[in-house]
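First the structure, in the form of structure tokens, and then the observations on it.
Numbered from 1 within each chain, the chains take letters A, B, ... in sequence-line order.
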Amino acid sequence: MAYLTLKERLLIPTYDNPKYARSGQVVIDMEKCNGCGNCAMICPGGALYIAGIGKDKKAHLMEDDFPNCMSCNDCAAMCPRDAVKVSQTYDFGRFYKILHRGGLSAPRKF
Amino acid sequence: MKERNRGDYGSMLRRAFISKGVDMAEKLEVEEKPASEDKTGSMYKWEEGMDWNPVERIILERRSVRKYRDKQVPEALIRRLLEMARFAPSAGNSQSWRFIVIRDKKTIESMEKYAQLRAKFFMFWLNWRTSPLGRLAWLYSQIGIRVLRNDLHPIPHGALAAMAEGTLKLFQGAPTVILILEDRRGAAKPELDCGICGQNIVLAAHSLGLGTCWVGLVELLKYGIKWRRKLKISYPYRLVEGIAVGYPVGNPDGMVERELHEIEWYENSQWKTVL
């Protein structure tokens with residue numbers, strides 16, 4: 001079972017080191033995306049941007065700067081063409097390690 | 001008996017509860033009010049795998065809104081939302097909350113400006129990537145994060161950095177802001193009660209076509225006397241949370257995927273983990 005070791009409890013991660021701070025990942029279906037910019041407009045972390053001209057105008061995920069994606073999935077809800085989706089949630093190392101969680105799942109009907 | 005207990009509410013209440021319990025155990029029959037057909041509870045009967053009912057749909061489709069239209073929300077609608085808050089459950093029915101509604105664009109903007117100033121101040125000491133202090137700021141952040149481990153969690157830390165840069169606004173330009181204050185003398189956990197009544201407001205707002213966003217960074221307004229004086233916040237009240245309310249741009253609400261959480265389950269003297 002997952003738990004926090006004493007060492008992990010005492011060490012604070014460095015937020016800009018990708019080893020200890022992994023931001024969320026987003027998959028963009030480039031065929032569906034038409035670069036309308038809705039996702040980039042509402043993204044709380046400013047993780048998405050629109051680039052390209054004409055037919056190549058698509059949404060992209062910013063990769064350099066932490067923090068950007070906090071895997072809130074607001075973009076997925078906003079997208080009129082269902083082209084964006086969070087594929088990986090954020091996770092931190094050491095003190096802020098995420099415990100007792102499973103994979104992503106849509107609401108299930110019990 | 002009655003004479004002796006006059007004024008001693010604790011023991012009177014206890015006695016009342018105990019006597020009621022004994023009565024029910026003896027009879028095991030409670031006189032029931034006839035069920036009315038129009039109550040939501042009797043409208044939807046659970047069957048396994050059934051479709052979402054409207055309440056569940058509102059809960060599942062609620063997404064935090066971060067882009068609002070300029071149009072102001074009618075006053076009556078906000079009053080209606082606050083009416084929902086009044087009926088939230090609270091510890092010992094202490095209702096230890098208080099609301100401040102701000103619908104003035106200029107005031108909201110100056111609050112945002114003040115928050116940005118504060119964020120800049122904190123980032124000067126704590127953000128080792130942008131601070132002129134460099135390595136020293138890293139040391140301060142290591143200490144600061146240990147002390148304020150919730151406020152300086154990587155995500156709010158990033159939000160503060162974005163706010164200091166000016167890319168993130170405190171209320172994201174919402175036309176109406178509801179501030180929730182906690183009465184610090186409330187029963188048990190007044191801060192939690194504020195959260196519960198806030199969620200009532202948020203869910204009701206989304207069912208009426210509004211968009212909302214919880215703003216925990218109103219915390220920044222607490223540093224310094226200016227806004228405490230302007231908002232007339234004094235003991236026993238403490239600013240806890242803000243809710244930005246407005247009409248959203250586009251249709252941000254919808255069902256999405258979320259992480260599963262492990263649940264420990266004890267049944268038939270056996271432990272199991274369900275996802």
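Residues Leu260(B) and Arg101(A) fail the side-chain proximity criterion, which asks for heavy atoms closer than 4.5 Å. The shortest side-chain heavy-atom distance between His153(B) and Tyr96(A) falls under the 4.5 Å cut-off. With contacts defined as side-chain heavy-atom distances shorter than 4.5 Å, the pair Asp74(A)/Pro252(B) does not qualify. Annotation: side chain of Trp52(B) is in contact with side chain of Pro107(A) (closest heavy-atom distance under 4.5 Å). With a 4.5 Å cut-off on side-chain heavy atoms, Ile155(B) and Phe92(A) count as touching. Side-chain atoms of Ile42(A) and Arg63(B), non-hydrogen and from C-beta on, never get closer than 4.5 Å to each other.
Crowding of Arg9(A) atom CZ: a count of heavy atoms from other residues, nucleotides or ligands under 6.0 Å not exceeding 12. By the 6.0 Å contact criterion, NZ on Lys120(B) is open, its count of non-hydrogen atoms from other residues, nucleotides or ligands being 12 or less. The environment of Asn34(A) atom CG is dense: over 12 non-hydrogen atoms of other residues, nucleotides or ligands sit within 6.0 angstrom. Within 6.0 Å of NZ in Lys97(A) there are more than 12 heavy atoms belonging to other residues, nucleotides or ligands. Environment of CD in Glu267(B): crowded, with over 12 heavy atoms of neighbouring residues, nucleotides or ligands closer than 6.0 Å. A 6.0 Å sphere centred on CG of Leu99(A) holds more than 12 heavy atoms belonging to other residues, nucleotides or ligands. Shown here is Arg57(B), whose CZ atom has no more than 12 heavy atoms of other residues, nucleotides or ligands within 6.0 Å. Within 6.0 Å of the CH2 atom in Trp265(B), the count of heavy atoms belonging to other residues, nucleotides or ligands does not exceed 12.
Summarising the geometry of Lys109(A) relative to Met50(B), their closest heavy-atom pair is CD-O, 3.4 Å, with the distance given to 0.1 Å. In this structure, Trp46(B) and Phe110(A) approach most closely via the heavy-atom pair NE1-O, 3.2 Å. Minimum interatomic distance between Val249(B) and Met78(A) (heavy atoms only, all atoms of both residues): O-CE, 3.3 Å.
Of the two parts of Ile145(B), the backbone and the side chain both hold a non-hydrogen atom closer than 4.5 Å to a non-hydrogen atom of chain A. Neither the backbone nor the side chain of Glu56(B) comes within less than 4.5 Å of any heavy atom of chain A. Of the two parts of Leu60(B), only the side chain, counted from C-beta on, holds a non-hydrogen atom closer than 4.5 Å to a non-hydrogen atom of chain A. For Ser64(B), the parts lying near chain A are the backbone and the side chain together; criterion is any non-hydrogen pair under 4.5 Å.
For the options His261(B), Lys67(B), Gln142(B), heavy-atom pairs under 4.5 Å to chain A are most numerous at His261(B). Per-residue heavy-atom pair counts under 4.5 Å with chain B were compared for Ala106(A), Cys43(A), Ala77(A), and the maximum is reached by Ala77(A).
Atoms CZ and CD1, from Arg149(B) and Ile12(A) in turn, are 8.5 Å apart once rounded to the nearest 0.5 Å. If you take CD1 on Ile98(A) and CD on Glu259(B), they are separated by 6.5 Å, rounding to the nearest 0.5 Å.
Asn73(A) places no side-chain N or O within 3.5 Å of a backbone atom of Val256(B) that could act as its donor or acceptor partner.
With salt bridges taken as basic N to acidic carboxylate O contacts below 4.0 Å, one links Lys85(A) and Glu257(B).
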